[in-house]
Amino acid sequence: MTSKEPLTQELENLPDQLMDRILDYIALIKSRHVLKLEKPNLELRG
């Protein structure tokens, strides 16, 4: 079983009213990941 399978199962069983909160959390995680990737480049410039 891949890590996507339990996540997919949870999403399928999630009440619709919580879906927006999950999408917001995913966006937060992705933005933090991008910032973490960009941080070493910012340190080299300054």
Taken in chain and number order and not counting sequence neighbours, the residues that satisfy side chain to side chain contact (heavy atoms under 4.5 Å, CB included) with T2 are K4, E5

Distance col, row L28:CG vs R32:CZ, nearest 0.5 angstrom, shows 4.5 Å

Solution key, residues 9-22 side-chain donor-acceptor pairs under 3.5 Å, sequence neighbours excluded:
{"unit_1": "N13", "atom_1": "ND2", "unit_2": "Q9", "atom_2": "O", "d": "3.0"}

